[in-house]
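Scroll down for the structure; my scribbles are underneath it.
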Amino acid sequence: FESGITDLPSYFDDHPEAVTECVNRIKVLNVNQAALQFYQAEDKSQLIDKTTSPIRIDSQSFRVFREQFIELAHGHTSYETEFDTLNMRGEMRTVALRLSFAYGSEQTWKRVFVAFTDLTERKHAEQAMRDAEFRYQQIVERIPAVVYSAGLGPDMHWKFVSPQIQDLLGYTAEEWLAGPQIWQDCLHPSDRQLVTEVEMQSKATGEPVKLEYRMFTRDGRMIWVRDEATVARDENGNSFLSLGFIFDITERKLAEEQASRRADEFAMLYDTAHHLAQSQGDLKSVLQVIGNRAASLLGSSAAGFYLYDAA
């Protein structure tokens, strides 16, 4: 600023060598034991001597020095940032840096205190957690079932539901979590009591939930689902949350119903043939056997026959 420079960021962009010149004027006066341990230095001279010090200009440090020079030049008395740096062994470490002027040096910049905290392990742990969360999210979103966590019972509160809920029932995960009554509305009225009873029993005993029941989709279709969940407990051993998955079994149920109907039909045909064989052979007896079997097969109370002249 004393040289007439009013736009320091633009000046540094046009003259990056000016940043390097400013850095070269920095002289490390002293370091503590923690700095030696962090940089894996044998003694203070390795950090104070510019020929051996690991503190040097690279793309990371250039950005940091440039930013701190601009901040301080604009009247700030301190500067904080995070960046990566190498120790004496060439290991990359992440640090939180804080720079502040020593008393009386705010105008002259003759002496500053630099403190930094090693964030490397914390950063590694945070990255590992992000990676684990990403892998978990990928697994959850690719399972061909709705994954969920929720309370137990008729007033269950949903904690999480995977995006597959939209494919199954037509509601987005956001809609499902925001409207707890949707769950009860989607349950088939004839199955609500069964579902509630099984869930309350699971809450009391801690046994897994295994249910098959009917639900209505957003567009009114009825589907069959299988619901399997385990019960999580708090530190006092009280059941409080079900963790499970729901998947569509409509095709299987329809196939089972069709197979059951066909089995009933074959059994009825066999029974009819057996009774016909035992009848007196007169037309009235034959028609009575056939009518009774037809009524039973169709779920009617009785059946009748009539003849007419097509002519």
Side-chain angles (χ1 to χ4, degrees), residues 9 12 16 19-20 22-24 26-50 52-103 105-106 109 111-143 147-149 159-163 173-174 177 232-236 240-241 243:
F12 280 155
V19 177
T20 304
C22 291
V23 173
N24 289 334
I26 297 174
K27 181 180 180 181
V28 179
L29 301 178
N30 196 6
V31 296
N32 62 6
Q33 188 64 33
L36 297 179
Q37 294 175 353
F38 172 80
Y39 280 106
Q40 298 293 306
E42 296 179 359
D43 53 50
K44 294 183 179 182
S45 64
Q46 286 186 305
L47 299 181
I48 294 175
D49 189 340
K50 290 186 177 182
T52 58
S53 174
I55 306 172
R56 56 194 63 189
I57 287 287
D58 56 26
S59 59
Q60 279 273 335
S61 60
F62 182 91
R63 174 189 64 81
V64 173
F65 282 121
R66 179 184 181 279
E67 288 179 357
Q68 73 181 36
F69 291 150
I70 293 172
E71 289 288 308
L72 299 178
H74 282 86
H76 295 277
T77 58
S78 63
Y79 170 78
E80 297 181 12
T81 190
E82 293 181 7
F83 70 102
D84 296 330
T85 186
L86 293 172
N87 62 17
M88 300 293 291
R89 296 181 180 179
E91 300 168 337
M92 187 66 70
R93 312 294 293 180
T94 301
V95 299
L97 177 142
R98 189 178 193 281
L99 179 148
S100 59
F101 287 116
Y103 180 75
S105 298
E106 293 85 356
W109 296 21
R111 190 181 294 267
V112 296
F113 295 115
V114 178
F116 55 85
T117 304
D118 190 352
L119 304 178
T120 307
E121 301 306 322
R122 193 193 79 186
K123 291 292 185 179
H124 287 171
E126 290 174 352
Q127 185 60 49
M129 183 173 293
R130 286 193 294 269
D131 292 343
E133 289 175 350
F134 176 78
R135 289 192 296 270
Y136 171 77
Q137 191 71 19
Q138 293 294 302
I139 292 172
V140 167
E141 293 182 358
R142 282 168 170 74
I143 291 176
V147 180
Y148 72 89
S149 64
K159 303 289 187 181
F160 170 81
V161 66
S162 65
E174 292 76 17
L177 295 175
R233 296 175 176 270
D234 60 20
E235 62 275 10
N236 298 319
F240 70 101
L241 197 66
L243 310 172

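Each residue takes its place number in the sequence, starting with 1. Heavy-atom basis, side chains included; hydrogens, waters and symmetry copies ignored.
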Response to the item:
When every non-hydrogen atom of V31 is compared with those of A35, the smallest separation belongs to CB-CB, 3.9 Å
Discussion item. Around atom CD of E42, are there more than 12 heavy atoms from other residues, nucleotides or ligands closer than 6.0 Å?
Written reply: no
Practice prompt. To the nearest 0.5 angstrom, please state how far the CD atom of E126 sits from the CD atom of E121.
Written response: 11.5 Å
Worksheet item: Roughly how far apart are Y103 OH and T77 OG1, rounded to 0.5 Å?
Response: 13.5 Å
Worksheet item: Looking only at heavy atoms, what is the nearest atom pair of A173 and S162, with distance?
Response: CB-O, 4.3 Å
Worksheet entry | Nearest-0.5 Å distance that lies between atom CG in L99 and atom CZ in F69 | 9.0 Å
Worksheet item: Taking T120 for the side chain and T94 for the main chain, is one N or O donor matched with an acceptor at less than 3.5 Å?
Response: yes
Practice prompt. Might you point out which heavy atoms bring Y39 and N87 nearest each other, and give the distance in Å?
Written response: O-CB, 3.5 Å
Worksheet item: Less than 4.5 Å apart, any side-chain heavy atom of F62 and any of V23?
Response: no
Worksheet item: CG/D49 to NZ/K44 distance, rounded to the nearest 0.5 angstrom?
Response: 15.0 Å
Response to the item:
Separation between CG (L177) and OH (Y148), nearest 0.5 Å, reads 13.5 Å
Worksheet, complete the sentence: Scanning both residues in full, the closest heavy-atom pair of F160 with V147 reads CE2-O, 3.7 Å
Fill in: V95 side chain reached by F38 side chain, heavy atoms, under 4.5 Å
yes
Worksheet item: Looking at side-chain heavy atoms only, is the closest gap between D118 and R93 below 4.5 Å?
Response: yes
Discussion item. Could you check whether atom CE of M129 has more than 12 heavy atoms from other residues, nucleotides or ligands sitting under 6.0 Å from it?
Written reply: no
Worksheet item: Can you tell if the side chain of R66 reaches within under 4.5 Å of the side chain of P9, non-hydrogen atoms only?
Response: yes
Item to complete: Taking atom CZ of R111 as the centre, report whether more than 12 heavy atoms of other residues, nucleotides or ligands fall under 6.0 Å from it.
Response: no
Item to complete: Might you point out which heavy atoms bring L72 and S78 nearest each other, and give the distance in Å?
Response: CD2-N, 4.2 Å
Worksheet item: So do F116 and T85 actually touch side chain to side chain, heavy atoms under 4.5 Å?
Response: no
Worksheet item: If you look at every heavy atom in E71 and H76, which pair is closest and at what distance?
Response: O-CD2, 3.0 Å
Worksheet, complete the sentence: Taken to the nearest 0.5 Å, the spacing of E82 CD from T117 OG1 works out to 9.5 Å
